[in-house]
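Counting begins at 1 with the first residue of the sequence. FYI, side chains are in, hydrogens and waters are out, and symmetry mates aren't considered; it's all heavy atoms of this structure. Because the structure is a prediction, the values reported are computed rather than measured.
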Amino acid sequence: MAVPVKFSGMVLNLFVLLFLVSVMNFPAVSEAKIRRYKWELKYEYKSPDCFKKLVITINGRTPGPTIVAEQGDSIIVELKNSLWTENTAIHWHGIRQIRTPWFDGTEGVTQCPILPGETFVYRFVVDRPGTYLYHAHYGMQREAGLYGSIRVSLPAGVSEPFAYDNDRSIILMDWYHKSAYEQAAGLVSIPFKWVGEPESILINGKGKFNCSSLASPSLNVSTVCNVSNPECTPYALTVIPGKTYRLRISSLTALSALSFQLEGHNMTVVEADGHYVEPFVVQNLFIYSGETYSVLIKTDQDPSRNYWATTTVVSRSPADTPPGLAFLNYYPNHPRRSPPTIPPPGPVWNDVSLRVNQSLAIKARRGYINPPPQTTDRVIVLLNTQNLFNGFYRWSVNNVSFNLPHTPYLIALKQNLLHAFDQTPPPDGYDFKNYNISIVQPNKNATTSNGIYRLDFNSTVDIILQNANTMNKNNSETHPWHLHGHDFWVLGYGSGKFDIYNDPKKFNLVDPIMKNTVPVHPYGWTALRFRANNPGVWAFHCHIESHFFMGMGVVFEEGIEKVGKLPSSIMGCVHRP
């Protein structure tokens, strides 16, 4: 008598895959590769917007080289810090660092800084296809030019749910003429000195500052600002008429929320932060610091001319920051041939409803929905406020302004150095009943701490980002929040104060998009859900450089006992007897 054989689902799936490959000639997944990069960081004089200043370069370039890989590949970056007087660290934004939390690149959280003259090696796997980023995560170095793109494609033979003829990357950046050091010094001074608005917007590292505005009898303007410098020639995105292009658009601005538009061309949004989006069409794409999108465009306009690509500031007054300009170059027109029209102006900068509507339109693509857990184990409400601490201006979460410790959390927790940071966790909420989010608070004072949230491993956590008035009357700012080590489901947006009893009933639990960066709009709230299933210590913070520098962030620990042995390379700042 034959005995029935039972197979697990994993074994059956393996049999099906082998059958498809051998019998039906179904394409097999290609073998993962090791991709090696050797980078050197230096300060060099560059003129990205025609104004000459010291910038941080990678192998002489800013933005740095694009990392191009396939899903499952291993990335090895050998990074030499030749800044000589400055530490550094690089965060691989959107890469979850599964089983390699020590290579997240967040100084003070997952590693000690890389000292001048040192060479540090990052090793990690890009486990999902999509559009990602890398940038400095030390002080305010990102805005000094240390940033770039990561493009991860599907393995050969595996197709995406949309078709296109070619693939291009566009990275947006705002640009200051003052150094990051000057700006940081102002933020920690009494009296407080704000960083101000950026002088330019860069598209793929190129902008155009009005050099004539520097005219002064005592200054030879051409020595510091030269509009004929080829480094600030407008970027030209060359396309062939009659094709469909995938544009991977990302932002790493230090301050600005942006709108990106292509004259005469609609854009179909198909990807956000590495996840497929139910397609929708826009004339302009709102994008916040730390976000990435893929859009499809058809080059179906008059091929005898070029078109404008522009990016404009929204959510803050753009009076001091002119639009970033580039050319959509229809081949064979000359790439420097200016379009015969004026650049499109972009949307009204202070119309919040337009931006909220785009946020609400982003849903997971049918057939690619990763359903969220229907219930949560813990709810943490994070009130975003501007405060004072001992006379210093700070940003706070639940009235606590965050400071990084000297010993990185990952090291302190693995080595049981509990004296290294405050063991009192931050609060899970604020005074919901009595706090008025629409006014300047009569008591503007806050406390500071480097305490962290300890999450139960594999638990489901809801985060409610609650916006409020700043210390300026009738003012609430847009904050893009980025979570390291995870993607989260975006369950909803709302205006006013989050109602902990009724608003959860409106959550989208059917087809929410997953992202790693999301905005909380002025006087509004944003609801997120994630699984605490990636052992490590992970930062969650506002992606505006000055805001995180001033304390707008928190840290989550989960499954620390499951983290493997730490590499010695991350522990240079820790005294070991």
Side-chain angles (χ1 to χ4, degrees), residues 183-198 254-257 288-289 313-321 348-353 355-356 380-403 426-449 463-481 493-500 503 518-527 540-554:
Q183 293 187 44
L187 297 177
V188 296
S189 295
I190 299 178
F192 175 75
K193 184 172 178 56
W194 174 236
V195 299
E197 304 302 315
L255 176 67
S256 309
Y288 307 92
S289 181
V313 172
V314 294
S315 188
R316 304 180 67 88
S317 172
D320 296 324
T321 309
V348 178
W349 70 270
N350 58 353
D351 190 335
V352 179
S353 65
R355 291 181 273 124
V356 172
I380 301 174
V381 182
L382 301 179
L383 174 70
N384 297 195
T385 58
Q386 194 178 49
N387 299 88
L388 292 174
F389 178 76
N390 291 340
F392 293 94
Y393 275 67
R394 302 283 295 185
W395 283 97
S396 304
V397 176
N398 294 343
N399 217 47
V400 178
S401 188
F402 176 72
N403 285 323
D428 277 19
Y430 67 103
D431 185 356
F432 308 107
K433 183 178 179 180
N434 297 312
Y435 192 96
N436 186 343
I437 67 167
S438 302
I439 65 169
V440 177
Q441 296 303 305
N443 180 4
K444 304 177 182 65
N445 293 317
T447 61
T448 64
S449 174
I463 303 294
I464 312 299
L465 296 169
Q466 176 67 65
N467 217 336
N469 207 97
T470 67
M471 289 195 295
N472 298 316
K473 190 176 180 181
N474 299 321
N475 175 255
S476 180
E477 300 188 9
T478 300
H479 301 288
W481 278 77
Y493 301 86
S495 59
K497 189 188 293 186
F498 180 78
D499 184 332
I500 59 175
D503 282 329
V518 70
V520 56
H521 296 289
Y523 296 110
W525 55 264
T526 301
F540 181 46
H541 61 92
C542 179
H543 214 256
I544 293 173
E545 280 279 70
S546 51
H547 289 187
F548 184 44
F549 182 82
M550 295 166 66
M552 199 173 195
V554 298

Under a 3.5 Å distance rule, please check whether [X] uses its side chain to pair with a backbone N or O of [Y] as donor and acceptor.
X	Y	result
T321	P198	yes
N384	N467	no
S189	P191	no
E197	D320	no
T448	F389	no
Q441	N436	yes
K497	F432	yes
R316	W349	no
N403	S449	no
N398	V400	no

Heavy-atom distance under 4.5 Å between the side chains of H547 and E477, does that happen here?
-> yes
Could you point out which residue of N399, L383, L382 forms a side chain to side chain contact (heavy atoms under 4.5 Å, CB included) with Y430?
->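 The side chain to side chain contact (heavy atoms under 4.5 Å, CB included) with Y430 is passed solely by L383 among N399, L383, L382.
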Can you name the salt bridge (Lys or Arg N to Asp or Glu O under 4.0 Å) partners of D428, sequence neighbours left out?
->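 Partners of D428 under the salt bridge (Lys or Arg N to Asp or Glu O under 4.0 Å) test: R378.
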For R355, the salt bridge (Lys or Arg N to Asp or Glu O under 4.0 Å) test, sequence neighbours excluded, returns none
Show your working on side-chain contact (heavy atoms from CB on, under 4.5 Å) between Y393 and W194 and close with a plain yes or no.
-> CA-CA 10 Å; Y393 275 67; W194 174 236; over 6 Å; no
If the plane angle is over 60° it's perpendicular, under 30° parallel, otherwise tilted; pick one for [X] and [Y].
X	Y	answer
H479	W395	perpendicular
Y493	H521	tilted
W525	F498	perpendicular

Taking every non-hydrogen atom, the tightest pair across [X] and [Y]:
X	Y	result
T470	Q386	CB-OE1, 3.2 Å
R394	M550	NE-O, 3.3 Å
P480	T478	CD-O, 3.9 Å

Going through the distances and angles, do N469 and S476 end up as a side chain to side chain donor-acceptor pair (under 3.5 Å)?
-> CA-CA 5 Å; N469 207 97; S476 180; over 6 Å; no
Determine, step by step, whether F540 and I463 satisfy the side-chain contact (heavy atoms from CB on, under 4.5 Å) criterion, reporting the C-alpha distance in whole Å, the side-chain angles of both residues, the deciding distance to 0.1 Å, and the verdict.
-> CA-CA 11 Å; F540 181 46; I463 303 294; 3.7 Å; yes
